[in-house]
4 protein chains.
Amino acid sequence: MRARTFTESGRRAQIVTAAIEVIAEDGYARASFSRIAKQAGLSSTGMISYHFAGKDDLLTACVGEIEQVMRAFMEPRIDAAVGHVAQLRAYVESNVDMVGEHPAAVRALIDLVKNAGSQSAAVNGRLDLFEEHFRTGQAAGAFRRFDSRTMALACAAGIDAVVATMAAAPPGAEELTRLGRELAEAYVRATAPDVEGEE
Amino acid sequence: MRARTFTESGRRAQIVTAAIEVIAEDGYARASFSRIAKQAGLSSTGMISYHFAGKDDLLTACVGEIEQVMRAFMEPRIDAAVGHVAQLRAYVESNVDMVGEHPAAVRALIDLVKNAGSQSAAVNGRLDLFEEHFRTGQAAGAFRRFDSRTMALACAAGIDAVVATMAAAPPGAEELTRLGRELAEAYVRATAPDVEGEE
Amino acid sequence: MRARTFTESGRRAQIVTAAIEVIAEDGYARASFSRIAKQAGLSSTGMISYHFAGKDDLLTACVGEIEQVMRAFMEPRIDAAVGHVAQLRAYVESNVDMVGEHPAAVRALIDLVKNAGSQSAAVNGRLDLFEEHFRTGQAAGAFRRFDSRTMALACAAGIDAVVATMAAAPPGAEELTRLGRELAEAYVRATAPDVEGEE
Amino acid sequence: MRARTFTESGRRAQIVTAAIEVIAEDGYARASFSRIAKQAGLSSTGMISYHFAGKDDLLTACVGEIEQVMRAFMEPRIDAAVGHVAQLRAYVESNVDMVGEHPAAVRALIDLVKNAGSQSAAVNGRLDLFEEHFRTGQAAGAFRRFDSRTMALACAAGIDAVVATMAAAPPGAEELTRLGRELAEAYVRATAPDVEGEE
DNA sequence: AATGAATGAGTGTTCATTCAT
DNA sequence: AATGAATGAACACTCATTCAT
């Protein structure tokens, strides 16, 4: 694998940024090479094909870029939380807060997940993470017994839906935080043990 | 609004059926007029344009058709339930059970909602229904206080995600029923009042 | 398999004709849909895709059309000949005479054979025919012993080369006939038995 | 004409070799600069344009290279033969034998001749050689009277066709030699005088 | 009511070539 | 001498829609 020159990295980044913008604004379905090229200020779609192996390659790069942004924003807050329940709360709340910081990235990611979701390792990775978290939490007594895969699906999708709706018309930061807390509370209650025996 | 002749209604229904099949099998993105025409046994796409004002019109008709099927299946079960909580449970469980009865319709609807969702009155209608149910339930003391719109979003999306995953590889009827109960339980707990004082 | 309307047959024929002309004039490599569309007086390449399943389909139709023309011209003369040697002569001579009657068809066919040859059933069909003719001729004592496949290859290719060269700059009819006789004579001699014992 | 530096000659040779490999493996039509660059281990097609005036220039260089290889292989055998007939035999046989020694070169050359043939001086040079050989042979009484150009065309094309077929799936050396002798015999008979009066 | 031919913009991708560095 | 970024035309093909019949 060869190293990338500065210029190439720059162009790739520029194209990825443009692609994310287009997806966020016009939707996945309208994110054609020509729209992306126009958004990036490129004179032809050939440039995109020159820098990316194909549409899948570009889209994958977009997902990767967005996830990096999200991780940088969310991970510190999740890691700062102690216990399975607090971490679940931190995940949901920081995910919702993302809308205030990077609304375009959030909108684009959700559209990408919806449309190229099932193939993507990254997307299934998130589900696996959720599931794993629920499973270990159950073992620790932090969560009641339930089908962890089903709950993971419902959580991830619910968060995405709420976030997508907000990203379409971002409310103020406080409102965002409030709704994030509400959503987190819902999932905490949905998964809480019948009798309090927290870890 | 003029009345429709029998043949026109027949043709429309035939095309809608074909479109739903195509969306269920090949996905929304591949549901072009030509594929639909082929599925319907029509020799040209002109027929479709003749009977529908445009692609949106056809897609709307598909959503309507599927919702009619869903309503016929779910409504009796929901109406049979007494109380806001029981009705929520009935909604979720009967929705999941749909997968066993009409997997193609379910798969198509979810794809339609994902892709043409925000514009569709029908889709937003479901959300409104959820929201209204939560609101009146809160007034009746069946649900705790929460933002009803956010909860509606999270519920609808969570159900869709679970259903979509199941529709892709439908499990047996019993497993379906069990997972439906689990999912319903989650939302019941998420919305339950802190102190039991059911209506 | 559905019947074709008159108009469709007409368009198909028109496109095939245009394609043959383009191949004859500009060569197989330059025979793009846009050139063919222009030659046919069509406003877009979409028309071609509308009438043909793909480029292969169009090219196959071209080969079929040309072979029909050739068969109509050559078959009577070959059938009129008696004996394996006379038929070989008739084949070669009538093939060469084709150049005078349908130079474009000949040029196009040779280019098609060169470029899409090995896949084509029609092309291999000709080789099989040659081989079979040599084999039965050998059994009848009309030809000496030799590897019939190799001879078939050499004959077919030799004829094509001579014909292609002539088609590029067609000589007069008499010159054509003379050269056809010469070429036929060469293959007759190449295949003749050592001792005269004609069937 | 300026002298070439060592590195430039080296690069040219490297590219020519890669081009021949690509043509032999993927065919003339797929032999794009990018494929050739990849085969040569170059990072960009710019290198090729830098060292060659254009695609024609590169292709011409390929033809030249292959012909040099062929000449080195065939010329000694042809020169060792005495008399026009023996030399014709030696030409055909050694050409067929090439398949066993340099199958890639043979395959590439034939593809090049087919596609860039008529423009190439090298290709026409071979025809001229054949024609000249026939003409002087006729004067010497080694060959009968026939149109030497037509015979040259038929011979060259026939040999190419046989060789191309063999190169696609090279048989063993003995089989090769046998078929080479058969083919040579065919042309010797096709050109032999009616009465034996060899030089 | 119905058809199938036609349209023309649009898709992603590849091409040989140019050019500043 | 060498590079890799850039170009823009070309490629086959699909799309939803229109329209005369």
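In what follows, chains are A, B, ... by sequence order, proteins preceding strands, each numbered from 1. None of the values given here were measured: they were computed from a predicted structure.
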Sugar-phosphate only, base, or nothing, as touched by C:Ser43 at under 4.0 Å among non-hydrogen atoms: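 Contact class for C:Ser43: sugar-phosphate only.
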
Expressed in angstrom and rounded to an integer, what is the separation of [X] atom [atom1] from [N] atom [atom2]?
X       : N      : atom1 : atom2 : result
C:Asp26 : F:dC11 : CG    : P     : 11 Å
C:Ile36 : F:dA10 : CD1   : P     : 15 Å
A:Arg30 : E:dA9  : CZ    : P     : 17 Å
C:Ile15 : F:dA12 : CD1   : P     : 14 Å
D:Arg35 : E:dC15 : CZ    : C1'   : 12 Å
C:Arg12 : E:dA5  : CZ    : P     : 11 Å
B:Leu42 : E:dG4  : CG    : C1'   : 12 Å
A:Leu59 : E:dG12 : CG    : P     : 10 Å

Full working for side chain to side chain contact (heavy atoms under 4.5 Å, CB included) between B:Thr60 and B:Phe52: CA-CA 10 Å; B:Thr60 301; B:Phe52 295 87; over 6 Å; no

With rounding to the nearest 0.5 Å, note down the distance linking [atom1] in [X] to [atom2] in [Y].
X        : Y        : atom1 : atom2 : value
C:Lys55  : C:Ser49  : NZ    : OG    : 11.0 Å
C:Asp160 : C:Ile110 : CG    : CD1   : 4.5 Å
A:Tyr50  : A:Ser44  : OH    : OG    : 12.0 Å

Footprint string (nucleotides 16-21 of chain F, 5' to 3'): B base within contact, S backbone only, - free, heavy atoms under 4.0 Å: SBB---

A:Leu109/A:His102 under side chain to side chain contact (heavy atoms under 4.5 Å, CB included): CA gap, chis, key distance, verdict: CA-CA 11 Å; A:Leu109 181 61; A:His102 304 280; over 6 Å; no

Working for side chain to side chain contact (heavy atoms under 4.5 Å, CB included), residues D:Arg107 and D:Asp111: CA-CA 6 Å; D:Arg107 240 174 301 160; D:Asp111 229 20; over 6 Å; no

Distance test, side-chain N/O of A:Arg11 to OP1/OP2 of F:dA5, below 4.0 Å: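 Checking A:Arg11 against F:dA5: no side-chain N or O falls below 4.0 Å of OP1 or OP2.
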
Short side-chain N/O contact to E:dG4 OP1/OP2 from C:His51, under 4.0 Å: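 No, C:His51 has no side-chain N/O under 4.0 Å of OP1/OP2 on E:dG4.
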
Watson-Crick and G-U pairing of DNA chain E, under 3.5 Å, as dot-bracket with | and [ ]: .||||||||||||||||||||

Side chain to side chain contact (heavy atoms under 4.5 Å, CB included) between B:Gln14 and B:Leu42, intermediate numbers included: CA-CA 10 Å; B:Gln14 173 194 8; B:Leu42 301 174; 4.2 Å; yes

Could you go through residues 16-31 of chain D and list every donor-acceptor pair under 3.5 Å that involves a side-chain atom there, pairing it with any protein atom two or more places apart or in another chain?
unit_1  : atom_1 : unit_2  : atom_2 : d
D:Thr17 : OG1    : D:Ala13 : O      : 2.8
D:Glu21 : OE1    : D:Gln39 : NE2    : 2.5
D:Asp26 : OD2    : D:Arg35 : NH1    : 3.3

Close side-chain approach of C:Leu59 and C:Asn115, heavy atoms under 4.5 Å: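 A side-chain contact is absent here, since even the closest heavy-atom pair is not under 4.5 Å.
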
